[in-house]
Amino acid sequence: EVDYDIFGIDIGENSLQRQTFESRLQALSGTFNYTEPISRNLYLTLSANATNQEESPIRQYFDLSSAVDKELLDLSSSFIKSLDQFDAGISLKRNSKKLKLKAGLQFADLYLVAQEGEVQLNDKSKYEYFLPSFSISKNFKGSNTLDFSYDTQVTSPKLSKMVTQVNNLN
């Protein structure tokens, strides 16, 4: 009897497999903020943030039909996603009794590497962005307030969106 996988590919006679999956995520982050009054109602804020993340899922398939578990290298895989990110920003904030304004600009420097074994999955590994932000808060009579804010941010893709192998674990 010949067995077929879900795509109709012949996987041999009476295939007996064991699958293992291990995933590790390591993250380290640090943030610095400094605010200095420039005048009575005007403030300057400097900020910095550094982040390092490493993700490494390992999926192994073994053929159990022989006396010794044999790893099926065509199906097994190991991936690594490494992200180093440094952000530096500056913002100005003006406060008054009825109105609060804040405008800022942040520079994000990202270094992203995704690998399957020794093969790099992403074409480009260094990314740089300028990220603006703005907010306004208006106080009205009583306790009514109108707030509006706009900011931008960059998030790296999940490793599952970058890998080439289909996840067929149940």
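Note that the structure is predicted; figures quoted are calculated from it, not measured.
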Once you round to the nearest 0.5 Å, how far does [atom1] of [X] lie from [atom2] of [Y]?
X      : Y      : atom1 : atom2 : result
Lys93  : Leu101 : NZ    : CG    : 11.0 Å
Lys126 : Leu112 : NZ    : CG    : 12.0 Å
Asp147 : Ser137 : CG    : OG    : 4.0 Å
Ser156 : Leu83  : OG    : CG    : 4.5 Å
Leu92  : Tyr43  : CG    : OH    : 12.5 Å
Arg94  : Leu99  : CZ    : CG    : 7.5 Å

**Message:** Within the 3.5 Å criterion, strictly below it, is a donor on Gln85 or Asp87 matched to an acceptor on the partner's side chain?
**Reply:**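 Yes - a donor-acceptor pair under 3.5 Å links their side chains.
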**Asked** Does the side chain of Asn52 pick up a donor-acceptor pair with the side chain of Asp84 at under 3.5 Å?
**Response**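 There is such a pair between these side chains.
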What heavy-atom pair brings [X] and [Y] nearest, and what distance separates the two atoms?
X      : Y      : result
Gly30  : Asn49  : O-OD1, 2.7 Å
Ser149 : Ser135 : CB-CB, 3.8 Å
Phe79  : Glu116 : CE2-CG, 3.3 Å

**Request:** For atom CD of Gln26, decide whether the heavy atoms of other residues, nucleotides or ligands shown that lie under 6.0 angstrom number more than 12.
**Result:**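 Incorrect, the count does not exceed 12.
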**Item:** Phe107 atom CZ, over 12 foreign heavy atoms within 6.0 Å
**Value:**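 Counting neighbours around CZ of Phe107, more than 12 heavy atoms of other residues, nucleotides or ligands fall under 6.0 Å, so yes.
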**Request:** Given side chain to side chain contact (heavy atoms under 4.5 Å, CB included), test Ile90 with Leu44 step by step and report yes or no.
**Result:** CA-CA 7 Å; Ile90 187 168; Leu44 175 73; 3.5 Å; yes
**Ser47 vs Thr31, side chain to side chain contact (heavy atoms under 4.5 Å, CB included): CA-CA, chis, key distance, verdict** = CA-CA 7 Å; Ser47 62; Thr31 302; 6.0 Å; no
**Request:** Using atom types as modelled and distance alone, determine if a side-chain donor or acceptor of Asn139 lies under 3.5 Å from a backbone N or O of Lys97.
**Result:**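 Yes; judged by distance alone, with no hydrogens or angles, the pair exists.
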**Donor-acceptor pair, side chain of Lys81 and main chain of Pro157, under 3.5 angstrom** =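 Side chain of Lys81 to backbone of Pro157: a pair is present.
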**Prompt:** Would a 4.5 Å heavy-atom cut-off, applied to side chains only, mark Phe134 and Ile136 as touching?
**Reply:**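 Phe134 reaches Ile136 side chain to side chain.
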**Prompt:** Given side chains that start at C-beta, do those of Pro132 and Leu105 come closer than 4.5 Å, heavy atoms only?
**Reply:**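 They are in side-chain contact.
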**Request:** For Leu131, enumerate each residue passing the side-chain contact (heavy atoms from CB on, under 4.5 Å) test, keeping only those at least two apart in sequence or located in another chain.
**Result:**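 Partners of Leu131 under the side-chain contact (heavy atoms from CB on, under 4.5 Å) test: Gln106, Ala108, Tyr129, Thr152, Val154.
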